[in-house]
Asker: 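Sharing a structure here in structure tokens format.
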Amino acid sequence: MARIAAPRGTADILPDDARRWQALENAMRDVFARYGYGEIRTPIFEHTELFARGIGEDTDVVEKEMYTFEDRGERSLTLRPEGTAGAVRAYLERRLDTEPQPVKLWYAGPMFRYERPQAGRARQFHQLGAECIGTMDPAADAEIIAMAASLFRRIGLADYELHLNSIGCPQCRPAYVRKLREALEPVRDSLCKSCQDRFERNTLRVLDCKRESCRAATQDAPSILDSLCEECADHFATVRRYLDELGIEYVINPRLVRGLDYYTKTVFEFLSPVLGAQDALGGGGRYDGLVETLGGPPTPAVGFAAGMERILLAAEGTLRGEAAALDAYVATLGDAGRRVGVVLAERLRRAGLRAELDYMGRSLKAQMRQANRLGAKTVLIIGDDEAKAGTVQLRDMESGDERTVGVDEAVHVLQEKRGEK
RNA sequence: GUGGGUGUAGCUCAGCUGGUUAGAGCGCCAGGUUGUGGCCCUGGAGGUCGUGGGUUCAAGUCCCAUCACUCACCCCA
């Protein structure tokens, strides 16, 4: 029979790797809790409409990257490509807008985007993120950024750059876009093909192009930061002031534009130099129009999301999973020893110890080797003699010391030993 | 969607210009002890050489296609 491989762009996380994931998740939970965010778990799939409207019809994500399917009831559903839309949907549907504002939520889980996989990019990947909904206070922007930075610090990830920008609001952005178009019009023909397309559909994105030729052509383009309305300019200045006061370093990048349509005012990205071409660890920003777009009352909000695989990649050297040490390995010989051993292992486990025993009919020697491999601190050897006498050979794997003790004492000794560290 | 690279044991790879039973290291299993680990020694299991076609007396080795992986573009997490 032909074997079936995991679908393209998906990955299995095996036990050794899973330990690092758990370490990240533990750090994440602790950090989010400190900042007062509560976890929200929303569906993995939503109505396609939610993403189409929320993220924006003209974005790459909606245009060509969604896993969309029709269910048996002929509903168009989509595997979530990001987390914000679902969180905001839940905020409205579950009437979190009637609770004291702001509502602070975090989430983590799989996201799906149909793209060609490469380093740091997969079709099923995982994001952790947080949303602070209901306040326009610039301190909330700073809090979200500080929280992300705090998580990175917590896992020893220090090698990154925080890029910051403001892309204005519906009051000031249109005027800037017009100005930008005018400025770019003369050099339009020298832009790359996709930028010529961007020029038409989403002019801001031209600034974000990585091609040398496009960067050169837009060299002298006006900066959006010079065109912000008073409110946006004030907001941005205040966010910056808070970040300065919090000691969070950043670089102003007037070319930073995000790929999703819902952003307003503050946008930011954490870039890592060790990630290769896909260098964004995470990013986010303010989305003051999204709640309304999704049918709610005008509600300001700010949030961020980061790629868990990318974090794990970037924190390769510093974030380690704990190798669960084995307290005891029960090695048995003969039928009587075996019977006693099976029961003893269970007894150790009920006593809160990690215990393992052989299921492959291994020789004692092989059992010892296995115990060593598993990092067992102690091996309890039970042969027919011990079974008859109600004793075990207690072998300390580090020192090699071995002695005969009664079963009760053995359990006691192991518990003591465990408590010591 | 476009382009480059790669596909040989569980893993990392070697197989020269096509030529007899496809190799190494690591890992795995067993033995070296009659009831004992880490080091060492010995032996063993394990491969439709990604898949399908083609060229040839002969293909892991050449050609085509296809799939997968990978890197980059695009976009972003």
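Below, chain A is the first sequence line, B the second, and so on; all start at residue 1.
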Asker: What is the distance from CD of A/Glu269 to P of B/A77, rounded to the nearest Å?
Answerer: 7 Å
Asker: For the residue pair A/Phe112 and A/Tyr67, categorise the inter-ring angle as parallel (less than 30°), tilted (30 to 60°) or perpendicular (more than 60°).
Answerer: perpendicular
Asker: Has the side chain of A/Gln278 got a donor or acceptor atom sitting under 3.5 Å from an opposite partner on the base of B/A72?
Answerer: no
Asker: If only side-chain N and O atoms of A/Gln118 are considered, is one of them under 4.0 Å from the OP1 or OP2 phosphate oxygen of B/C71?
Answerer: no
Asker: Look at the aromatic rings of A/Phe304 and A/Phe32 and report parallel, tilted or perpendicular, splitting at 30° and 60°.
Answerer: tilted
Asker: Can I get a per-line list of side-chain donor-acceptor pairs under 3.5 Å for residues 380-389 of chain A, giving both atom names and the distance, sequence neighbours left out?
Answerer:
from     : atom 1 : to       : atom 2 : distance (Å)
A/Asp384 : OD1    : A/Ala336 : N      : 3.4
A/Asp384 : OD1    : A/Gly337 : N      : 3.3
A/Glu386 : OE1    : A/Gly383 : N      : 2.8

Asker: Indicate yes or no: does A/Glu185 engage A/Arg181 in a salt bridge with an N to O separation below 4.0 Å.
Answerer: no
Asker: Determine whether A/Thr266 and A/His235 make a side-chain contact, defined as any pair of heavy atoms from C-beta on separated by less than 4.5 Å.
Answerer: yes
Asker: Kindly determine whether A/Phe152 and A/Phe270 satisfy ring-ring contact (aromatic ring centres under 6.0 Å, His included), including the steps that lead there.
Answerer: CA-CA 10 Å; A/Phe152 295 150; A/Phe270 289 90; 5.1 Å; yes
Asker: For nucleotides 27-36 of chain B, just jot down a letter per nucleotide in 5' to 3' order: B, S or -, based on protein non-hydrogen atoms under 4.0 Å.
Answerer: -SSSSB--BB
Asker: Using the six-membered ring wherever Trp is involved, compare the ring planes of A/Phe45 and A/Phe69 and label them parallel, tilted or perpendicular (cut-offs 30° and 60°).
Answerer: perpendicular
Asker: Classify every nucleotide of nucleotides 2-7 of chain B by which part a protein heavy atom approaches to under 4.0 Å, writing B for the base, S for the sugar-phosphate alone and - for neither, in 5'-to-3' order.
Answerer: BB----
Asker: Under 3.5 Å, side chain of A/Arg20 to main-chain N/O of A/Leu319, donor-acceptor pair present?
Answerer: yes
Asker: Is A/Ile133 close to A/Tyr287 at the side-chain level, that is, under 4.5 Å between some pair of heavy atoms?
Answerer: yes
Asker: Taking the side chain as every heavy atom from C-beta outward, state whether A/Glu143 and A/Lys104 have any pair of such atoms under 4.5 Å apart.
Answerer: yes
Asker: Do we see a donor-acceptor contact under 3.5 Å between the side chains of A/Gln415 and A/Arg418?
Answerer: no
Asker: When you measure from the side chain of A/Arg255 to the backbone N and O of A/Ser223, does any donor-acceptor pair fall under 3.5 Å?
Answerer: no
Asker: According to a 3.5 Å limit on both distances, what stems of 3 or more consecutive Watson-Crick or G-U pairs are formed with RNA chain B?
Answerer: B:1-7 with B:67-73, B:10-13 with B:23-26, B:28-32 with B:40-44, B:50-54 with B:62-66
Asker: Could you check whether the side chain of A/Arg113 and the base of B/A77 have a donor-acceptor pair of N or O atoms closer than 3.5 Å, going by distance alone?
Answerer: yes
Asker: Look only at the side chain of A/Arg113 and the backbone of A/Pro81, and say whether a donor-acceptor pair between them is shorter than 3.5 Å.
Answerer: yes
Asker: So which of residues 20-32 of chain A are in contact with RNA chain B, with a heavy-atom cut-off of under 4.0 Å?
Answerer: none
Asker: Restricting to nitrogen or oxygen on both sides, can you table the protein-nucleotides 44-47 of chain B pairs closer than 3.5 Å?
Answerer:
none

Asker: Could you tell me if the side chain of A/Ile145 sits less than 4.5 Å from the side chain of A/Leu164, heavy atoms only?
Answerer: yes
